[in-house]
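Excluded from the calculations below are hydrogen atoms, water molecules and symmetry mates; all remaining heavy atoms, backbone and side chain alike, are included.
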Amino acid sequence: MRVRTMRFRFVIWMLMLPASMLFMFAQAVGADQDAGTVEGTVRMGTSTSPPAVAQYRTRTRAPIQPADGARAIVWLSRKDGLYPAISKLPQAQVTQSGYQFRPGMMAIRVGSSVTFPNQDDEFHSVFSYSLTKRFDLGRFRKDETSPPVVFDKAGVVKIYCEIHRHMRSILLVLESPWFTITDEAGHFRLPAIPAGDYVVHGYLPNDDQPTSPLKVVAGATTQVGLGN
């Protein structure tokens with residue numbers, strides 16, 4: 001009798017919920033059963049971007065450290081353009097360390113904010129003239145706070161330092177929540193992807209953007225190869 005009463009109360013509680021909350025509840029309950037995994041390799045080839053040609057020799061107080069190794073961003077898109085919303089977008093960081101932007105490539109969702117803290121013992125000047133997001137933070141030191149920049153439009157943002165011409169970073173702003181970055185060998189894995197038809201995209205440091213159609217099957221792992 002007690003079990004039956006509890007079930008009755010649960011049904012009444014569910015009927016009182018708004019439709020949007022019922023949809024989210026159903027998604028959460030069925031997420032594991034109706035999801036699959038996508039993994040594979042992006043063939044990197046000669047995927048590093050060409051070095052910036054400085055108009056003058058850059059002088060630094062400390063040695064310039066190597067940039068991060070070449071990686072690729074991988075993400076999935078849907079033909080209908082419908083993606084699940086999240087209540088709070090995370091704030092990301094692109095640091096300036098060893099006279100390099102780190103990470104050298106990163107993906108975020110539309111609406112996310114990014115700060116650019118300076119970890120070097122001299123000025124940096126962070127800016128982008130990209131159509132997706134144009135901004136200029138000016139010059140700031142290690143002990144000064146970087147203001148957050150909100151990226152409210154999907155697309156590619158190329159970021160530079162006006163003082164150190166070799167420094168660059170690629171920020172990919174996406175509508176899709178299903179993205180990751182490869183390791184230096186090009187391997188990637190995307191778990192918990194709802195079953196269905198997608199296009200898988202890659203973005204390489206040299207601006208190559210290979211794509212491939214993809215079907216995610218519930219409870220299965222789909223293997224993908226991207227690039228030439």
Side-chain angles (χ1 to χ4, degrees), residues 27-28 30-50 66-86 88-95 97 100-114 130 132-133 151 153-159 168-228:
Q27 278 192 318
D32 292 338
Q33 296 179 347
D34 298 333
T37 298
V38 178
E39 64 179 31
T41 302
V42 178
R43 290 176 281 277
M44 303 295 288
T46 55
S47 62
T48 56
S49 57
D68 293 343
R71 299 168 185 263
I73 297 169
V74 177
W75 78 99
L76 304 180
S77 67
R78 291 170 55 103
K79 289 184 178 180
D80 57 15
L82 298 177
Y83 302 103
I86 56 177
K88 185 177 181 180
L89 291 164
Q91 185 178 82
Q93 274 192 355
V94 176
T95 63
S97 176
Q100 303 288 355
F101 286 114
R102 305 186 193 281
M105 296 184 72
M106 185 170 69
I108 58 172
R109 288 198 74 179
V110 170
S112 298
S113 60
V114 181
S130 300
T132 301
K133 185 70 176 184
F151 293 85
K153 180 181 177 182
V156 178
V157 181
K158 295 186 177 182
I159 300 164
R168 57 183 61 199
S169 180
I170 294 175
L171 187 63
L172 192 59
V173 188
L174 299 170
E175 297 280 0
S176 171
W178 305 299
F179 56 81
T180 189
I181 192 161
T182 69
D183 61 21
E184 292 186 24
H187 302 139
F188 69 91
R189 187 173 188 271
L190 285 163
I193 306 299
D197 294 320
Y198 297 85
V199 175
V200 57
H201 305 255
Y203 192 100
L204 279 66
N206 63 358
D207 296 328
D208 282 352
Q209 299 183 48
T211 63
S212 178
L214 176 74
K215 187 176 186 64
V216 176
V217 178
T221 296
T222 304
Q223 297 289 334
V224 180
L226 281 176
N228 298 320

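- The two atoms that bring E39 and Q223 nearest to each other are OE2-NE2, 2.8 Å, heavy atoms only.
- Separating the CE atom in M44 from the CG atom in D183 is a distance of 9.0 Å, to the nearest 0.5 Å.
- In this structure, S169 contributes its side chain and P103 its backbone to a donor-acceptor pair below 3.5 Å.
- Annotation: side-chain hydrogen bond (donor to acceptor under 3.5 Å, both in side chains) contacts of S113 (sequence neighbours excluded): Q91.
- Residue I108 holds its CD1 atom at 5.5 Å from CZ of F151, rounded to the nearest 0.5 Å.
- Note that CZ of F179 and CE of M106 are 9.0 Å apart. Values are rounded to the nearest 0.5 Å.
- Between K133 and V173 the shortest side-chain heavy-atom distance does not fall below 4.5 Å.
- Side-chain contact between P194 and D34 is absent, with no heavy-atom pair separated by less than 4.5 Å.
- Expressed to the nearest 0.5 Å, how far OG of S130 lies from CD1 of I159 amounts to 7.5 Å.
- Contact detail for F101 and D68: the closest heavy-atom pair is O-OD2, 4.2 Å.
- The two atoms that bring P177 and Y83 nearest to each other are CD-CD2, 3.7 Å, heavy atoms only.
- Using cut-offs of 30° and 60° on the angle between ring planes, the pair Y198 and W178 is perpendicular.
- The shortest heavy-atom contact between T222 and V216 is OG1-CA, 4.1 Å.
- Among all heavy-atom pairs drawn from L204 and V42, the shortest one is CD1-CG1, 3.7 Å.
- To the nearest 0.5 Å, atoms CG (D80) and CG (D197) are separated by 10.5 Å.
- In terms of modelled atom types and a separation under 3.5 Å, the side chain of T182 and the main chain of A72 share a donor-acceptor contact.
- A distance of 10.5 Å separates NZ of K158 from OG1 of T132, quoted to the nearest 0.5 Å.
- Considering every non-hydrogen atom in both A70 and P205, the closest pair reads CB-CG, 4.3 Å.
- Among the candidates V156, V157, I181, the single residue satisfying the side-chain contact (heavy atoms from CB on, under 4.5 Å) test with L172 is V156.
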Task: side chain to side chain contact (heavy atoms under 4.5 Å, CB included) between W75 and L190, worked out - done: CA-CA 9 Å; W75 78 99; L190 285 163; over 6 Å; no

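- Legend: residues meeting side-chain hydrogen bond (donor to acceptor under 3.5 Å, both in side chains) with S112, ordered by chain and number and at least two apart, are absent.
- Taking 4.0 Å as the cut-off between side-chain N and carboxylate O, D208 and R43 do not count as a salt-bridged pair.
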Open item on the list: Working note: I86 + R109, criterion side chain to side chain contact (heavy atoms under 4.5 Å, CB included); need CA distance, chi angles, decisive distance, verdict.
Closed with: CA-CA 10 Å; I86 56 177; R109 288 198 74 179; 4.1 Å; yes

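- Judged by distance alone, with hydrogens and angles left aside, the side-chain atoms of T221 form no donor-acceptor pair with the main-chain N or O of T37 at under 3.5 Å.
- Residues L226 and S212 meet the side-chain proximity criterion, which asks for heavy atoms closer than 4.5 Å.
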